[in-house]
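Encoded as structure tokens, the structure appears first; notes follow it.
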2 protein chains.
Amino acid sequence: MAMKTYSMELLFKALADRTRLRLLSLMGEDEVCVCYFVEVFKTNQPKISRHLAYLRRAGLVAARREGKWMHYRVATPPDAHAARIFMEVRAWLREEREMQRDRERLQQLCCAPRPPVQLKRAPRPASLAADAPRV
Amino acid sequence: MAMKTYSMELLFKALADRTRLRLLSLMGEDEVCVCYFVEVFKTNQPKISRHLAYLRRAGLVAARREGKWMHYRVATPPDAHAARIFMEVRAWLREEREMQRDRERLQQLCCAPRPPVQLKRAPRPASLAADAPRV
DNA sequence: CGCTCACATTTGCACAAGCGAATATATCAC
DNA sequence: GTGATATATTCGCTTGTGCAAATGTGAGCG
């Protein structure tokens with residue numbers, strides 16, 4: 001299971017950035033569409049894509065295409081030690097205040113009666129798709 | 001026990017450097033004198049001091065002065081999550097090949113019948129002090 | 001006191017990383 | 001095919017980080 005070539009630095013460099021930590025926190029256990037990240041962070045889209053690519057290279061997220069949309073979800077890194085540490089990191093993220101605020105904001109965007117224009121047709125995160133009002 | 005202001009980035013930035021990981025690995029459970037790091041890595045002394053200062057700012061090591069010598073040891077970061085993660089990191093370090101080689105090299109330097117000039121009078125790491133031959 | 005030793009800090013430079021703006025790619029609608 | 005939408009990548013630019021060399025600090029010795 002453990003992969004010899006996976007380096008500790010690769011993991012820690014990926015985790016040593018606030019934006020990337022916030023992205024991981026927003027994913028939680030769900031798949032999330034890129035456009036939601038852009039809305040929650042109120043930032044430009046290339047910035048999000050760049051950080052997601054970084055996380056993917058470190059084996060911390062995986063991507064799935066659905067038509068025009070890309071869904072990202074947290075993945076398990078190939079090294080056993082890295083996987084254990086990453087689990088602890090995600091537990092930590094769940095308890096951090098700023099991270100909680102981000103997730104609340106994501107929830108509001110998904111369930112808003114009049115979602116922002118950019119999200120009109122965007123597929124919602126899996127856990128919010130069922131009960132959220134469709135446009 | 002958990003300290004609110006301790007940031008995740010502080011921890012991961014400290015861990016995202018090979019030299020700092022090697023330093024942590026060399027300490028293991030002991031106090032180690034700065035001069036040993038310099039010898040094991042065969043590098044200049046300011047480089048070691050800078051990285052040790054970085055680790056100290058991140059709460060990952062503590063220092064103790066003994067006359068002219070400074071001894072560094074691994075410390076427990078003030079945040080509970082950080083402490084758990086740091087424990088896993090140290091377990092990982094114990095299994096990494098390059099890190100093992102560093103520790104073997106430290107052991108050789110301590111127990112050598114004719115230690116390098118720079119270490120003639122240096123205090124040895126605690127676990128090696130008892131059985132190692134004195135000069 | 002001055003001198004040496006062990007370590008810390010500063011300085012200047014090269015390189016890596018994050019940024020926004022612009023551009024490229026890929027899919028869908030027509 | 002064209003055009004629109006969603007995402008990825010590239011391009012300068014700025015900032016941060018690690019480095020070696022030089023300098024500073026603090027303790028012990030004579």
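Reminder, nothing fancy here: chain letters follow the sequence lines and each chain counts from 1. No experiment lies behind these values; they were computed from the predicted model shown.
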- Note on the structure: Y54(B) atom OH is separated from dG16(D) atom C1', nearest whole Å, by 9 Å
- Message: What I want to check is whether an N or O donor and acceptor connect the side chain of Q45(A) with the base of dA6(D) at under 3.5 Å.
- Response: no
- Spacing between K68(A) atom NZ and dA29(C) atom P, to the nearest angstrom: 7 Å
- Item | Test side chain to side chain contact (heavy atoms under 4.5 Å, CB included) applied to I48(A) and F41(A), Y36(A), Y72(A), the passing residue | F41(A)
- Query: Closest nucleotide of DNA chain C for T19(A) versus for A63(B): which of these residues is on the 5' side?
  - Reply: A63(B)
- How close or far is atom C1' of dT9(C) from atom CE of M70(B), stated in whole angstroms? 13 Å
- Message: Using a 4.0 Å heavy-atom cut-off, does F37(B) contact any base of the nucleic acid, only the sugar-phosphate backbone, or nothing at all?
- Response: nothing
Output a table of donor-acceptor pairs, distance under 3.5 Å, between side-chain atoms of residues 11-22 of chain B and any protein atom two or more places apart or on a different chain; print 'none' if there are none.
{"from": "D17(B)", "atom 1": "OD1", "to": "T19(B)", "atom 2": "N", "distance (Å)": "2.9"}
{"from": "D17(B)", "atom 1": "OD1", "to": "R20(B)", "atom 2": "N", "distance (Å)": "3.1"}
{"from": "R18(B)", "atom 1": "NE", "to": "E9(A)", "atom 2": "OE1", "distance (Å)": "2.8"}
{"from": "R18(B)", "atom 1": "NH1", "to": "E98(B)", "atom 2": "OE1", "distance (Å)": "2.2"}
{"from": "R18(B)", "atom 1": "NH2", "to": "E9(A)", "atom 2": "OE1", "distance (Å)": "2.9"}
{"from": "R20(B)", "atom 1": "NE", "to": "A14(B)", "atom 2": "O", "distance (Å)": "2.8"}
{"from": "R20(B)", "atom 1": "NH1", "to": "H51(B)", "atom 2": "ND1", "distance (Å)": "3.1"}
{"from": "R20(B)", "atom 1": "NH2", "to": "K13(B)", "atom 2": "O", "distance (Å)": "3.1"}
{"from": "R22(B)", "atom 1": "NE", "to": "D102(B)", "atom 2": "OD2", "distance (Å)": "2.7"}
{"from": "R22(B)", "atom 1": "NH2", "to": "D102(B)", "atom 2": "OD1", "distance (Å)": "3.0"}
{"from": "R22(B)", "atom 1": "NH2", "to": "D102(B)", "atom 2": "OD2", "distance (Å)": "3.4"}

- Note on the structure: Distance col, row C33(A):SG vs E39(A):CD, nearest 0.5 angstrom, shows 11.5 Å
- Message: Once you apply a heavy-atom cut-off of 4.0 Å, does R20(A) come out as touching a base, just sugar-phosphate, or nothing?
- Response: sugar-phosphate
- Task: State whether Y72(B) places a side-chain N or O below 4.0 Å from either non-bridging phosphate oxygen (OP1 or OP2) of dA8(C).
- Result: yes
- Regarding the side chain of P46(A), the nearest nucleotide among dT7(D), dA20(D), dT9(D) is dT9(D)
- Message: How many whole angstroms separate atom CD of E66(B) from atom P of dC5(C)?
- Response: 19 Å
- NZ/NE/NH1/NH2 to OD/OE distance under 4.0 Å, E88(B) and R90(B): no
- Query: Between dA8(C) atom P and L52(B) atom CG, what is the distance in whole Å?
  - Reply: 7 Å
- Item | Proximity to the side chain of T43(B) - top-ranked nucleotide from dA8(C), dC19(D), dA20(D) | dA20(D)
- d(CH2, W69(A); C1', dT27(C)) in whole Å: 10 Å
- Atom-pair distance (CG on N44(A); P on dA6(D)), nearest Å: 16 Å
- Message: Any base atoms under 4.0 Å from R65(A), or only sugar-phosphate, or nothing? Heavy atoms, all strands.
- Response: sugar-phosphate
- Item | Among dG18(C), dT9(C), dC7(C), the one nearest C33(B) by side-chain distance | dC7(C)
- Message: Would you say H51(B) places a side-chain N or O within less than 4.0 Å of OP1 or OP2 belonging to dC19(D)?
- Response: yes
- For F12(B) and dA17(C), what is the distance between atoms CZ and P respectively, to the nearest whole Å? 18 Å
- Query: Choosing from dC19(D), dA8(D), dA8(C), which nucleotide comes nearest the side chain of V34(B)?
  - Reply: dA8(C)
- Query: If you round to the nearest 0.5 Å, how far is CE of M27(B) from CD of E31(B)?
  - Reply: 10.5 Å
